[in-house]
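Report on one structure; see the data block that follows.
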Amino acid sequence: LIRQKIVEDDLIESIILIAEKIISKKSAPAVIIVFNKYKTKERKGKILLINASKEFKSEKNKNILTQENIQKIVSVYKNFKEVEKFSKIITLDEAKKTDYNLSPSRFINFIEEENFRPISEIKSELNKLEEEIKNIKERIDKILGNI
């Protein structure tokens, strides 16, 4: 109910998901929520989601944000822009449709789609390999037969 009220009152400007082990050595990722009671006209009714969970440098048992990582996050936030697989601007209606779940990972997917080969091509390759195995076995049997 609180989350719904905050969204409906248009108080959230941005939500930034950062990698695990940055705030503490614990494995949970952290979220930065940027509140702005006085949004500009262009930002009213919108929320910028940034999924920066892949932006870090690993050091021993902790992750750190490099200057480059910070610059990327700040630049996207300041410019309030969408970057493929990194940020997305949603409307308050879109937030409502997800029951006010504003997790950036829900809206920003950076998993690459896999392209699968046709089954006929795979079957053909398997048949060739089976034939090759058969020929190799026959040659081995010939060699061993001569010993």
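This structure is a prediction, so every number in the text was calculated from the model and none was measured.
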Closest heavy-atom pair and its distance - Glu94, Ile89: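 Shortest heavy-atom contact: OE1-O, 4.1 Å.
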Side-chain donor/acceptor of [X] to backbone N/O of [Y], under 3.5 Å:
X: Asp99; Y: Asn101; answer: no
X: Glu8; Y: Lys5; answer: no
X: Asp141; Y: Glu138; answer: no
X: Lys39; Y: Lys46; answer: yes
X: Ser87; Y: Val83; answer: yes

How many angstroms lie between CG in Leu1 and OH in Tyr100, if you round to the nearest 0.5 Å?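 Reported to 0.5 Å precision, the distance equals 10.0 Å.
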Considering only heavy atoms from C-beta outward, does the side chain of [X] approach that of [Y] to under 4.5 Å?
X: Ile50; Y: Phe86; result: yes
X: Leu102; Y: Ile90; result: yes
X: Gln4; Y: Val7; result: no

I'd like to know if [Y] and [X] are part of one continuous hydrophobic network [Ile/Leu/Val/Met/Phe/Trp/Tyr, side-chain heavy atoms within less than 4.5 Å].
X: Ile12; Y: Tyr38; answer: no
X: Ile47; Y: Phe35; answer: yes
X: Val31; Y: Ile2; answer: yes

Who pairs with Ser124 by side chain to side chain donor-acceptor pair (under 3.5 Å), at least two apart in sequence or on another chain?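 For Ser124, no residue satisfies side chain to side chain donor-acceptor pair (under 3.5 Å) once neighbours in sequence are set aside.
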State which residues pass side chain to side chain donor-acceptor pair (under 3.5 Å) with Thr40; sequence neighbours excluded, sorted by chain then number.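 Thr40 satisfies side chain to side chain donor-acceptor pair (under 3.5 Å) with Glu42 only.
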Results of salt bridge (charged side-chain N to carboxylate O under 4.0 Å, His left out) for Arg43 - residues two or more places apart only: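 Per chain and number, Arg43 pairs via salt bridge (charged side-chain N to carboxylate O under 4.0 Å, His left out) with Glu13.
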